[in-house]
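Structure first, then comments.
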Amino acid sequence: MSIWVLRGLRDGVVTTRWPARPDEYAESWRGPVRALGPVDSVDPDLCPTGAISAQGVDRGRCILCGRCVAERPDLFGWSRGVTGPAALTREQLIIPELPETDAAVAAARAGLAERTRALRRSVHVRHVDAGSDGSEEWEIQALLGPVYDLHRLGVFFTASPRHADVLLVTGAGARGMADPLRTTYEAMPDPRVVIAAGTDAVSGGLLARSEATTGGVITTVPVDIFLAGSPPSPFGILTALLIAVGKLAGGGRETR
Ligand code: SF4
């Protein structure tokens, strides 16, 4: 008997039931940095990407380096769980404090489960690397393994933009990738949804001020969903895709 069969018999089903059921691993995942109180007195040089301002922590700029938590544990801490990393507007990623009550988390989970049930057809995703360091690609690849099993939700990757509903963009927006990215977007049929996946794609991250990048991908393609994290967790990417599914059901972006 093959070793893979023996391993399967030993381990049983490893696929997560999230979001239909809670997942302990997802809830224990280290989330983005949260402000524990007013941070307007913090030295702006503390953060290498300028994510900390008087308004709070901008998740879309935070690269999760941990410097603020290490140097000012009285003002900053890590959040837990996967709810909240993806938002429909860039401003929603700027948070003074996370409203992480049990009721809020349960409501978010129920909403995601409802979206999954509402899916009436498969959704196809075209991924474009616009200057990534490769970390996001590792997490995307994990979605195709037995633990996350993206296909159980009816979501598939496609090589052709002609067949894609969702454009999943990673990377800081390398200038050399601007034209290919735009061409891919224009080749997709309506309705289409664009996800900027990861802090680099949202804001450029550490490379935001580099001449080699456009400081995020929003100046190249219109972004519908902003997903923070450097890299975002597989659960975070799943969350963004499920938001995209909900958006597609509502009509998505019609531009022509
Ligand atoms: S973890 Fe690093 S990048 Fe994020 S807010 Fe703190 S210092 Fe800035």
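In this text, all values refer to a predicted model and were calculated from it rather than measured experimentally. In listed order, ligands and their atoms are each counted from 1.
The cationic atom of R192 (NZ for Lys, CZ for Arg) lies less than 6.0 Å from the six-membered ring centre of Y185 and within 45° of the ring axis.
Here H127 and F157 keep their ring centres 6.0 angstrom or further from each other.
Closest protein heavy atom to atom 1 (S) of ligand 1: G66 N, 3.2 Å.
The backbone N or O of D23 sits nowhere less than 3.5 Å from a side-chain atom of R17 that would complete a donor-acceptor pair. The main-chain N or O of V217 is never found under 3.5 Å from a side-chain atom of T214 such that the two would form a donor-acceptor pair.
Between atom CD1 of residue I63 and atom SG of residue C47 there is a gap of 7.0 Å, rounded to the nearest 0.5 Å.
Closest approach of A164 and R126 over heavy atoms only: CB-CB, 3.7 Å.
Panel detail: atom 8 (Fe) of ligand 1 has protein N, O or S atoms under 2.8 Å away, 1 in number.
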